[in-house]
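Quick caveat: nothing in here was measured; it's all calculated off a predicted structure. In what follows, residues are counted from 1 in the order of the sequence shown.
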Amino acid sequence: MSASGGTKAIVAALAANLAIAVAKFVAFLFSGSSSMLAESVHSLADSGNQGLLLVGGKKAQREATPQHPFGYGRERYIYAFLVSIVLFSVGGMFAIYEGYEKIKHPHDIEHWYWPVGVLVFAIIAETFSFRTAIKESNTLRGKQSWKEFVRHAKAPELPVVLLEDLGALVGLILALGGVGMALATGDGVWDGIGTLCIGVLLILIAIVLAIETKSLLLGEAAGLDAVQKIETAIVDGDTVTGIIHMRTLHLGPEELLVAAKIAVQHDDTATEIASAINAAEARIREAVPIARVIYLEPDIFSESEAAKGPDREAAPGGPTSHPAEH
């Protein structure tokens with residue numbers, strides 16, 4: 001995984017979550033707090049999620065094969081999608097079940113200093129992890145808002161870690177509130193309510209992750225800035241006079257496919273066109289280095305065909321040909 005995959009943020013989150021999971025489980029054993037049990041499972045699930053992201057990054061580095069000629073870059077999307085499933089099932093559903101059981105059968109919290117102390121420690125550790133994720137994301141986010149960054153990022157790891165860490169911090173505050181209310185009122189139902197809130201929070205985050213990762217799995221085009229750079233790089237104003245139509249597709253976070261039908265002069269020779277295509281490909285790779293797979297098809301621009309609009313089934317450079325017509 002490249003640096004842009006947020007490896008540093010993933011490792012920081014993994015280390016924090018493993019330590020927190022152990023501490024929370026110990027606190028649960030001493031106090032009997034369902035919030036602590038839900039939070040320990042939450043941290044354990046998060047640790048597994050970070051492990052999945054690291055595995056996905058490693059598998060994505062495999063070389064292309066005849067069966068997978070465009071490589072394995074999308075492995076990172078698949079493992080990020082698995083994270084949303086784990087967060088939903090292991091984290092969210094378990095917390096809701098535990099919260100329901102605690103509300104139905106409440107009991108007092110014993111040795112209150114254990115859960116309170118561990119929650120304070122966990123908040124400090126998660127804040128460190130969250131800060132690392134924010135710092136790593138800021139190098140890629142640019143002028144985008146955080147919402148735009150999560151929605152439009154092509155590398156899934158940083159948005160996943162950001163949402164996980166945010167959910168963990170909010171969940172810890174909910175757990176602390178549930179434990180605090182249970183201690184203040186002497187009613188263990190509050191502990192169950194805090195656990196239920198944690199479960200709902202985790203499910204909401206899992207749904208957001210699933211929606212965004214699904215879009216990446218289906219295949220997203222390059223961002224607007226990258227598309228503009230590619231369009232500028234293709235046209236040389238001499239042999240390549242324009243772009244008839246173009247499609248881009250992310251084969252992985254750092255690998256882009258570019259396919260375009262380009263307009264050339266009707267009297268250009270094959271040698272001139274071939275040289276122009278090679279030069280255009282070089283310009284594209286210089287402007288957008290992640291453009292690894294490039295297909296440029298020369299055609300003669302037709303104003304009458306172009307006026308028909310961007311019909312995906314048509315060849316905008318000339319009449320559409322179908323086998324049945326010949």
Side-chain angles (χ1 to χ4, degrees), residues 1-11 13-14 48-86 136-137 139-142 149-162 209-234 243 245-262 274 277-297 312:
M1 193 191 311
S2 70
S4 63
T7 306
K8 184 178 179 180
I10 297 173
V11 172
L14 177 60
N49 288 341
Q50 275 103 48
L52 285 173
L53 293 177
L54 291 172
V55 170
K58 185 69 175 177
K59 285 182 172 292
Q61 295 177 349
R62 289 180 294 172
E63 295 292 332
T65 64
Q67 188 176 7
H68 297 92
F70 293 114
Y72 293 85
R74 289 194 181 183
E75 289 266 17
R76 288 166 66 177
Y77 300 151
I78 294 171
Y79 279 84
F81 188 76
L82 289 176
V83 165
S84 67
I85 296 174
V86 171
E136 290 283 294
S137 299
T139 61
L140 301 175
R141 187 167 64 95
F149 175 70
V150 170
R151 292 198 62 186
H152 301 303
K154 305 305 180 184
E157 292 84 6
L158 282 173
V160 168
V161 174
L162 278 169
L209 285 177
I211 291 172
E212 296 304 325
T213 311
K214 175 190 172 185
S215 179
L216 292 170
L217 278 171
L218 290 175
E220 288 190 356
L224 181 60
D225 182 59
V227 169
Q228 292 175 341
K229 289 180 179 179
I230 292 170
E231 290 175 343
T232 301
I234 288 177
I243 300 171
H245 66 74
M246 185 176 76
R247 303 281 185 270
T248 61
L249 179 68
H250 268 274
L251 302 174
E254 280 95 32
E255 190 167 14
L256 187 66
L257 181 148
V258 178
K261 185 184 286 287
I262 58 176
I277 289 176
N278 291 335
E281 290 180 352
R283 292 194 301 272
I284 292 170
R285 291 192 172 96
E286 183 178 359
V288 182
I290 65 170
R292 308 275 177 83
V293 183
I294 303 172
Y295 298 107
L296 301 180
E297 178 187 355
R312 295 177 63 89

Taking all non-hydrogen atoms of both residues, which atom of [X] and which atom of [Y] are closest, and how far apart?
X: Lys214; Y: Phe81; value: N-CD1, 4.4 Å
X: Ala287; Y: Ala233; value: CB-CB, 4.3 Å
X: Leu140; Y: Phe149; value: CB-CE1, 4.2 Å
X: Lys154; Y: Ala221; value: NZ-O, 3.1 Å
X: Ala80; Y: Val160; value: CB-CG2, 4.3 Å
X: Ile243; Y: Met246; value: CG2-CB, 4.0 Å

N/O donor-acceptor pair under 3.5 Å between Arg292 side chain and Glu254 backbone =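 Yes: the side chain of Arg292 pairs with the backbone of Glu254.
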Can you confirm whether [X] sits close enough to [Y] that some side-chain heavy atom of one is under 4.5 Å from a side-chain heavy atom of the other?
X: Leu54; Y: Gln50; answer: no
X: Arg285; Y: Ile294; answer: yes
X: Leu158; Y: Ile10; answer: no
X: Pro159; Y: Glu212; answer: no
X: Pro156; Y: Tyr79; answer: no
X: Ile78; Y: Leu217; answer: yes
X: His250; Y: Glu255; answer: no

ask   = More than 12 foreign heavy atoms under 6.0 Å from CD of Glu220: is that the case here?
value =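 Buried by this count: over 12 neighbours within 6.0 Å.
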[X] [atom1] to [Y] [atom2] distance, which is reported to the nearest 0.5 Å:
X: Ile85; Y: Leu52; atom1: CD1; atom2: CG; result: 10.0 Å
X: Glu281; Y: Tyr295; atom1: CD; atom2: OH; result: 10.0 Å
X: His245; Y: Ile262; atom1: NE2; atom2: CD1; result: 11.5 Å
X: Thr213; Y: Leu218; atom1: OG1; atom2: CG; result: 11.0 Å
X: Arg283; Y: Asn278; atom1: CZ; atom2: CG; result: 10.5 Å
X: Leu251; Y: Tyr72; atom1: CG; atom2: OH; result: 13.5 Å

key: Among Arg62, Lys59, Lys58, the one residue meeting side chain to side chain donor-acceptor pair (under 3.5 Å) with Glu75   = Arg62
message = Quick check on side-chain contact (heavy atoms from CB on, under 4.5 Å): which of Val288, Val227, Ile230 does Val258 satisfy it with?
response = Ile230
remark   = side-chain contact (heavy atoms from CB on, under 4.5 Å) test vs Leu256 passes for just one of Leu249, Ile284, Ile290, namely Ile290
query = Charged N to carboxylate O under 4.0 angstrom, Lys229 versus Glu286?
reply = no
